[in-house]
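One structure is given here, and the rest of the page talks about it.
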Amino acid sequence: MRVREQTIFLVEDSDDDAELALMAFNRANLVNPIVRVRDGVEALDYLFARGKHAERNVGELPAVVLLDLNLPKLNGLEVLQAIRADERTKSLPVVILTSSNEDRDRLRAYEHFANGYVLKPVDYDQFVAAALQLGLYWKVLNISRPSEESEECDVGSKS
């Protein structure tokens with residue numbers, strides 16, 4: 001069986017921050033495909049295969065969502081809340097990647113079950129180091145949730 005690299009889903013409205021993230025991921029040797037959208041509405045359209053993303057297979061979820069908080073149309077916390085409210089995406093790993101170091105933003109992100117909260121580093125080398133650590137964690141250390149098919153196989157194989 002061929003293993004497909006899962007997508008990293010970057011939700012970032014700033015072209016500069018997105019470019020920095022892409023360069024950092026490249027330098028950190030992350031080979032996962034990266035999909036980027038620029039606002040909260042498009043993020044949900046992508047995840048739920050709506051609008052211009054209607055042809056996408058909704059069952060192919062990204063490995064992780066890197067979600068900015070300050071987004072146009074819907075902010076990152078509203079996107080996170082919608083992700084957690086839907087059965088298909090409620091277990092999807094979501095890491096807040098933001099420049100906000102406000103206690104209230106961190107508290108609200110964790111109240112909506114963010115898996116992590118990472119401050120955007122201000123310099124390129126720090127961003128590369130953060131991208132490398134994020135990539136190592138999500139690709140090597142983290143054990144993802146089993147798929148529904150795995151659970152059905154496990155139930156059927158018990159004696």
Test item: Arg84 and Val94 side chains (from C-beta on) under 4.5 Å apart, heavy atoms: yes

Would you find a donor on one side and an acceptor on the other, under 3.5 Å apart, between the side chain of Thr98 and the backbone of Ser100? yes

Over 12 foreign heavy atoms within 6.0 Å of CZ, Arg108: no

Tell me the closest heavy-atom pair linking Val79 and Gly40, and the distance in Å. CG2-CA, 3.5 Å

Do Glu12 and Leu71 have side chains that approach each other closer than 4.5 Å (heavy atoms only, starting at C-beta)? no

To check you understand the geometry: which heavy-atom pair defines the closest contact between Pro93 and Ala63, and what is its length? CG-O, 3.4 Å

If you measure from the Lys or Arg side-chain nitrogens to the Asp or Glu carboxylate oxygens, is any gap between Lys120 and Asp17 under 4.0 Å? yes

Hey, does Glu19 have a side-chain heavy atom less than 4.5 Å from the side chain of Asp15? no

Point-to-point distance, once rounded to the nearest 0.5 Å, from OG of Ser99 to CG of Leu69: 8.5 Å

Considering only NZ, NE, NH1 and NH2 on the basic side and carboxylate oxygens on the acidic side, decide whether Glu42 and Lys73 come within less than 4.0 Å. no

Ring geometry between Tyr117 and Tyr110 (parallel below 30°, tilted from 30 to 60°, perpendicular above 60°): tilted

Beyond-backbone contact of Arg88 with Phe48, side-chain heavy atoms, under 4.5 angstrom: yes

Do you know the tightest heavy-atom contact between Asn115 and Leu92? OD1-O, 3.7 Å

Between Arg56 and Tyr46, is NZ or CZ placed under 6.0 angstrom from the six-membered ring centre and within 45° of the ring axis? yes

Does some side-chain heavy atom of Val41 sit less than 4.5 Å from a side-chain heavy atom of Pro72? no

Let me check something: do Ile8 and Met23 share a hydrophobic cluster, defined by ILVMFWY side-chain heavy atoms less than 4.5 Å apart, either directly or through other members? yes

Looking only at heavy atoms, the pair that brings Ala21 and Leu10 closest together is CB-CD2, 4.1 Å

Could you tell me if the side chain of Leu67 sits less than 4.5 Å from the side chain of Val95, heavy atoms only? no

Do Lys52 and Asp45 have side chains that get closer than 4.5 Å, going by heavy atoms? no

What heavy-atom pair brings Ile83 and Thr89 nearest, and what distance separates the two atoms? O-OG1, 2.7 Å

Joint cluster assignment, Phe113 & Leu74, ILVMFWY side-chain distance < 4.5 Å: no

Should Leu66 and Val11 count as side-chain neighbours, where that means a heavy-atom distance under 4.5 Å? no

Please step through side-chain contact (heavy atoms from CB on, under 4.5 Å) for the pair Arg106 and Asn101, ending with a clear verdict. CA-CA 7 Å; Arg106 287 196 319 272; Asn101 196 20; 2.9 Å; yes

Show the nearest heavy-atom pair for residues Arg38 and Asp13, with the distance to one decimal. O-CB, 3.1 Å

Would you compute the distance between atom CG of Asp105 and atom CD1 of Ile96 and round it to the nearest 0.5 angstrom? 9.5 Å

Output, in order, the C-alpha distance, side-chain angles, deciding distance and verdict of side-chain contact (heavy atoms from CB on, under 4.5 Å) for Ile34 and Phe25. CA-CA 9 Å; Ile34 298 170; Phe25 294 149; 3.2 Å; yes

